[in-house]
Amino acid sequence: MAFWKPGDDAPTVGSHAGILLDKDVHVEGSDILFYNPYETHPLAVQRQRLPIFQYRKHILYLVETCRVVIIVGEPGCGKTTQVPQYLLEAGWADGGRSIACTQPRRVACVTLAHRVAEEQGVRIGDKVGYTIRWEDRTNSELTRLKYVTDGMLLQEIMSDPLLTKYSVIMVDEAHERSLHSDALLGLLKKVMRKRPSLRLIVSSATMQAADFRNFFASGLSADRANDERQVGILSVDGRCYPVDVHYSLRAKADYITSACELVLMINKQKPKGDVLVFLTGQEDVDTLVHLLKEAGERLARHQLLLPLPLYSGLSGTEQMRVFHPAPKGQRKVVVSTNMAETSITIDGIVYVVDAGFVKVRAYSPELGVERLVTTSVSRAEAEQRAGRAGRLQAGECYRLYTEEWFVQHMPPHPLPAMVRSDLSALVLQLKVLGIEDLLRFPFPSPPPTQTFCKSLEVLYCLGALDDSCHITGLGEALASLSIDPMTAKFVVAGAALGLQDEACKIAAMLSVRDVWLMGRSHTDKVTFSKSKLCVAEGDHISHLNVFNAWEANDFSHDFCAEMGLNYKVLRRARDVYKHLSRRVARLRPAALGLPLDTLKSLTQSDNPDEEQLQQLCACIISAFFPYAAHRVSDGSYVTVQGGLNLHLHGSCAAYNDPPEWLVFNDVVQTDRLWMRDCLTIRHPMWLVQLAPHFYRYRSAQDRLQAQDLLQDTGVDSKDTERPSNWLIF
DNA sequence: CTCTCCCT
């Protein structure tokens with residue numbers, strides 16, 4: 001069979017090539033004959049034993065004849081490591097071109113690239129490499145196959161809009177519907193119209209394959225009838241063991257107690273094998289671990305339990321514990337959030353207990369805040385959880401909900417991130433690419449129109465877009481930092497005042513989550529170190545203190561352990577800081593039209609330290625002003641825009657000394673709406689001074705009152721009289 | 001008195 005190679009003319013598509021089903025091209029394992037110089041090598045033998053190996057010829061045929069190939073591969077079939085190698089071996093990366101395989105997670109890129117480099121017998125970073133944020137192990141001359149995070153490939157489109165160096169792009173785990181992979185699929189569809197030679201492989205779970213086929217079956221080219229024949233689908237069986245699923249007979253009111261009883265039942269009655277329990281959040285996990293430890297004390301010696309918590313706020317060491325085999329005679333019980341659903345795979349799990357709930361991000365464009373809501377999992381997630389029991393042997397899954405609930409009430413799959421996220425950063429990115437008409441952009445799942453309106457509004461009031469919604473010089477500067485637009489605006493303002501170092505440190509700390517260790521065992525230490533490092537100005541300045549204190553202690557692990565800080569998280573913050581600093585150094589912030597005179601005159605002081613502190617606060621307010629709130633009589637807060645009722649999150653530096661006015665960074669909703677990462681506003685009229693297009697005084701009297709207050713600062717208050725919908729005072 | 005999980 002002759003394979004079309006990049007650089008040749010595209011193969012003509014005969015009438016037989018359409019959506020190819022197994023009956024069209026049926027490939028038996030025994031039919032395959034090809035030369036492999038490594039076939040006696042143990043790795044080559046392993047490769048041939050993978051289920052996908054039988055489909056090698058079929059896959060290459062589809063890629064040759066169809067522009068989009070959807071591979072439905074069950075876990076363990078080997079698609080992610082093997083398909084790119086088949087393409088490599090068939091010559092798709094000849095002639096200086098490359099193959100890219102995208103992943104939603106960084107660790108996956110690293111481990112996959114290492115594995116594939118080993119199978120190819122090459123050094124990592126030469127022929128096979130990976131690119132993740134802050135780490136590029138590729139060589140522009142040598143690398144033919146690279147694993148890359150979907151967000152990174154999206155960044156790459158910024159500098160090479162047609163992705164010209166790639167002959168084939170494989171978007172793996174597309175069914176997870178991450179923000180970046182969805183955006184990538186939309187952009188790739190546009191790229192393919194301009195580059196008929198580009199091949200796209202989409203790997204998906206069964207339930208979403210048809211959606212992807214429909215998405216690509218029109219609009220690939222001007223010829224609609226032909227487009228349909230350009231999409232091929234292939235299913236590959238996996239290599240997992242059967243999992244026996246048990247449902248609850250009645251709905252359980254208290255899933256933590258039920259989970260506890262179930263684990264004890266499994267421990268007493270079932271053969272050996274570890275247990276994995278899925279709950280919603282950190283608090284539930286800690287509670288169940290505590291309950292199991294208590295119950296465990298009454299158990300006989302030969303059936304001891306080893307309960308272990310797993311969630312992202314734990315330190316690296318604590319997370320590693322779930323991988324160690326339990327001591328002889330003990331049964332490991334990992335109690336996890338959805339972290340163990342995809343990002344972490346634990347060997348030896350035979351029993352899964354699924355409470356059936358998950359916390360998901362929900363964006364409400366009306367309020368302009370992202371929230372966190374506990375909801376029922378989808379059937380796809382429930383299956384994914386169950387599958388965790390059957391990785392090495394047959395397993396069992398206990399669902400703490402009824403079969404009726406599963407069949408009749410659970411949605412088939414989760415809502416794509418695209419329709420439930422704040423899209424400001426993505427909209428800005430698309431604007432940089434010159435995509436003006438967002439409503440006609442081919443999103444696999446178009447987000448609500450209000451979300452776009454809100455994004456445009458936010459970007460406009462930050463000065464990133466002009467009156468006609470075109471990107472401004474400031475907007476391009478913000479986009480070049482690849483952090484969220486509001487934080488970027490703060491960094492640029494800080495840099496304009498000569499505070500780039502401090503601003504980059506704060507932005508880096510904001511971009512990572514959970515600087516302080518979580519979990520009950522750390523509470524005392526964290527309380528102590530917060531009393532040392534946190535200040536009344538709020539979390540931004542406290543974060544700066546933490547970073548500087550860690551720096552002064554040589555970025556040591558010991559310092560983190562002593563102070564109840566998460567070393568792994570701080571390391572990431574340090575990486576962000578380093579690279580962000582480099583990008584900021586390339587900007588000319590003074591030329592971006594920021595209100596520098598106002599920023600300076602508001603913050604003048606005889607004390608240089610005080611002046612610097614006030615300048616940082618003013619820069620933060622000049623970026624986060626849409627999220628301003630003030631305290632009301634019951635101790636809660638009300639936002640200036642929208643009148644939303646909010647509460648200070650327990651993690652806030654100023655929790656014990658709540659300020660009158662503040663700006664916040666984000667909101668989580670559980671039973672209430674909680675504000676996280678808050679900065680104290682000492683002078684609320686700064687809002688009017690720093691964002692005159694957004695805030696004005698409600699009445700002339702209010703303005704006069706404020707004017708009296710402002711006289712000390714010497715700022716001309718005429719600036720505040722512009723019309724706006726937003727009122728303060 | 002408190003936080004699903006990723007990612008640029």
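Letters A, B, ... mirror the listed sequences (proteins, then strands); counts begin at 1. Keep in mind it's a predicted model, so treat the numbers as computed, not measured.
Scored by the salt bridge (Lys or Arg N to Asp or Glu O under 4.0 Å) test, Lys293(A) finds no partners at all (sequence neighbours excluded). For Glu156(A), the salt bridge (Lys or Arg N to Asp or Glu O under 4.0 Å) partners at least two apart in sequence or on another chain are Lys146(A), Lys165(A). By the side-chain contact (heavy atoms from CB on, under 4.5 Å) test, Asp671(A) is found to be paired with Trp674(A), residues two or more places apart in sequence or in another chain being considered. Contacts of Phe664(A) classified as ring pair (Phe, Tyr, Trp, His ring centres under 6.0 Å), with partners at least two apart in sequence or in another chain: Tyr627(A). Residues satisfying the salt bridge (Lys or Arg N to Asp or Glu O under 4.0 Å) criterion with Arg115(A), sequence neighbours excluded, are Glu119(A). In this view, Glu176(A) and Pro104(A), Arg105(A), Glu173(A), Thr342(A) satisfy the side-chain contact (heavy atoms from CB on, under 4.5 Å) rule, not counting sequence neighbours. Residues passing the salt bridge (Lys or Arg N to Asp or Glu O under 4.0 Å) test with Arg388(A), sequence neighbours excluded: none.
The nearest heavy atom of DNA chain B to Leu517(A) and to Arg583(A) marks one nucleotide each, and the one closer to the 5' end goes with Leu517(A). Judged by closest nucleotide on DNA chain B, Thr523(A) is the one of Thr523(A) and Thr337(A) placed further toward the 5' end.
One interatomic measurement links the two molecules: NE2 of His522(A) to P of dC3(B), which rounds to 18 Å at whole-angstrom precision. Rounded to whole Å, atom C1' of dC5(B) lies 16 Å from atom CG of Leu415(A). Put simply, CG on Asp182(A) is 19 Å from P on dC6(B), counting in whole angstrom units. To the nearest angstrom, P of dC7(B) lies 18 Å from CG of Leu510(A).
Listed candidates were dC5(B), dC1(B), dC7(B). Nearest to the side chain of Arg361(A) is dC5(B). Here the side chain of Ile132(A) is nearest to one of dT8(B), dC5(B), dC3(B), namely dT8(B). Here the nucleotide nearest the side chain of Leu372(A), chosen from dT8(B), dC3(B), dC5(B), is dC3(B). Among dC3(B), dC6(B), dT8(B), the nucleotide with an atom closest to any side-chain atom of Thr149(A) is dT8(B). Side-chain atoms of His649(A) lie closest to dT2(B) of the nucleotides dC7(B), dT2(B), dC5(B).
Heavy atoms of Gln282(A) sit under 4.0 angstrom from at least one base atom.
Contacts between residues 524-540 of chain A and DNA chain B, defined by a heavy-atom separation below 4.0 Å, involve no residue at all. Near DNA chain B, meaning a heavy atom under 4.0 Å away, the residues from residues 101-110 of chain A are Pro104(A), Arg105(A), Arg106(A).
Ring-base stacking between Trp674(A) and dT2(B) is not satisfied when judged by a centre separation under 5.5 Å and a plane angle under 30°.
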